[in-house]
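Step one of this worksheet: look at the structure below.
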Amino acid sequence: MFGYLINGLILFIFGGLTGLVNASYSLNNVVHNTSFIPGHFHLTVGGPVFLAILGMSIFMLSQLTGKRIFAPVLNTIVPYLWTVGVLIFSAGLMYGGLIGEPRRTNMGLTYLNPSSEQFNPYWVVSSMLGLAGGGIMFTAGLLYFISFFGTCLRKRSTEPVIDLPVSETLHEERRVPLLDSFKPWLAIMGLIIFLTYAPAISDALNNTNRKAPPYKPTDPAPVVRK
Ligand code: HEM
């Protein structure tokens with residue numbers, strides 16, 4: 001579980017940092033619909049979300065059935081291997097995205113195919129990095145399933161229990177009233193939500209008659225071919 005959770009958190013550092021690009025109005029324009037987006041979100045959904053689900057699933061499976069985990073060494077390697085894979089995969093996709101590589105595109109048929117007139121040599125390195133990282137991720141996933149289904153097929157060796165590890169405090173902590181109650185935090189949360197949404201809601205209510213700007217065929221920008 002340590003390996004699964006700590007690797008998820010490490011990946012999420014990069015997921016959060018690259019998410020700032022998506023959240024920024026001007027930078028979002030640069031990466032919109034490029035491979036930067038799947039590069040970014042595999043660091044988030046493929047990081048703590050996916051790894052926590054994998055780790056907790058096999059932990060619960062073993063505890064609830066009383067079966068020892070099959071190939072525990074393989075299972076321990078999985079989150080570390082997955083993390084190396086995602087870092088390479090996402091670096092490739094995000095680098096490609098910054099130089100315009102599109103997402104949701106069969107790159108092999110078009111831009112990576114030297115015999116296609118759409119061939120673009122700039123996206124070869126980034127796609128190959130994505131391929132290498134994706135291969136490592138696939139291998140980690142395969143090892144996990146070997147361990148998971150191997151555990152399912154094992155004979156029960158102990159009584160099924162569910163024993164979630166908890167940590168005990170060594171001594172009574174000094175009580176801080178602000179941290180002991182949800183109320184001040186709920187009040188602060190309410191205030192922040194109000195400050196965030198009030199301008200947008202007020203704008204929507206006060207501009208009900210304003211029409212959207214007309215669409216021009218040249219929007220967003222003409223493609224200039226040299
Ligand atoms: C072996 C592991 C994985 C590999 C190699 C992989 C690879 C990819 C690639 C290359 C894309 C981009 C496709 C495109 O834009 O043309 C993609 C999209 C996506 N992936 Fe993954 N992925 C993996 C695991 C995961 C996991 C674990 C999740 C979520 C838990 C996930 C969620 C998604 C989603 C939501 C999309 C977007 C699909 C879309 O554009 O509609 N992937 N994946």
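All heavy atoms count here, side chains included; hydrogens, waters and symmetry mates do not. Just so you know, ligand 1 is whichever comes first in the structure, and atom 1 is the first atom listed for that ligand.
Taking every non-hydrogen atom of Met137 and a distance limit under 4.0 Å, the qualifying atoms of ligand 1 come out as 1 (C), 2 (C), 3 (C), 4 (C), 23 (C). For ligand 1, the atoms closer than 4.0 angstrom to any heavy atom of Phe138 are 1 (C).
For atom 3 (C) of ligand 1, the nearest protein heavy atom lies under 4.0 Å away.
Taking distance alone, with nitrogen or oxygen atoms compared against 3.5 Å, Trp82 stays at or beyond that limit from ligand 1.
Protein heavy atom closest to atom 5 (C) of ligand 1, with residue, atom name and distance, is Gly134 CA, 3.7 Å. For atom 29 (C) of ligand 1, the nearest non-hydrogen atom of the protein is Val45 CG2, 4.0 Å. If you check which protein heavy atom lies closest to atom 37 (C) of ligand 1, you get Phe41 CZ, 3.3 Å. The protein atom (non-hydrogen) at minimum distance from atom 38 (C) of ligand 1 is Arg103 NH2, 4.4 Å. Closest protein heavy atom to atom 7 (C) of ligand 1: Phe89 CZ, 3.4 Å.
Side chains of Asn75 and Tyr4: a donor-acceptor N/O pair is present below 3.5 angstrom, by distance only. Between the side chains of Thr34 and Glu101, not a single donor N or O lies within less than 3.5 Å of an accepting N or O.
Which of Arg104, Glu101, His42 comes nearest to atom 43 (N) of ligand 1 through a heavy atom is settled by distance: it is His42.
Closest heavy-atom contact between Gly130 and Phe89: O-CD1, 3.2 Å.
Taking 4.5 Å as the limit, some side-chain heavy atom of Ser147 sits within range of a side-chain heavy atom of Ile69.
Checked against the 6.0 Å centroid threshold, Trp82 and Tyr144 do not count as a close aromatic pair.
For Ser62 (side chain) and Ile58 (main-chain N/O), no donor-acceptor pair under 3.5 Å exists by modelled atom type. Distance alone, capped at 3.5 Å, places no donor-acceptor pair between the Arg103 side chain and the Ile37 backbone.
Summarising the geometry, atom CG belonging to Leu178 is positioned 5.0 Å from atom CH2 belonging to Trp185; distances are rounded to the nearest 0.5 Å.
By the criterion of a heavy-atom distance under 4.0 Å, the backbone of Thr105, and not its side chain, is placed next to ligand 1.
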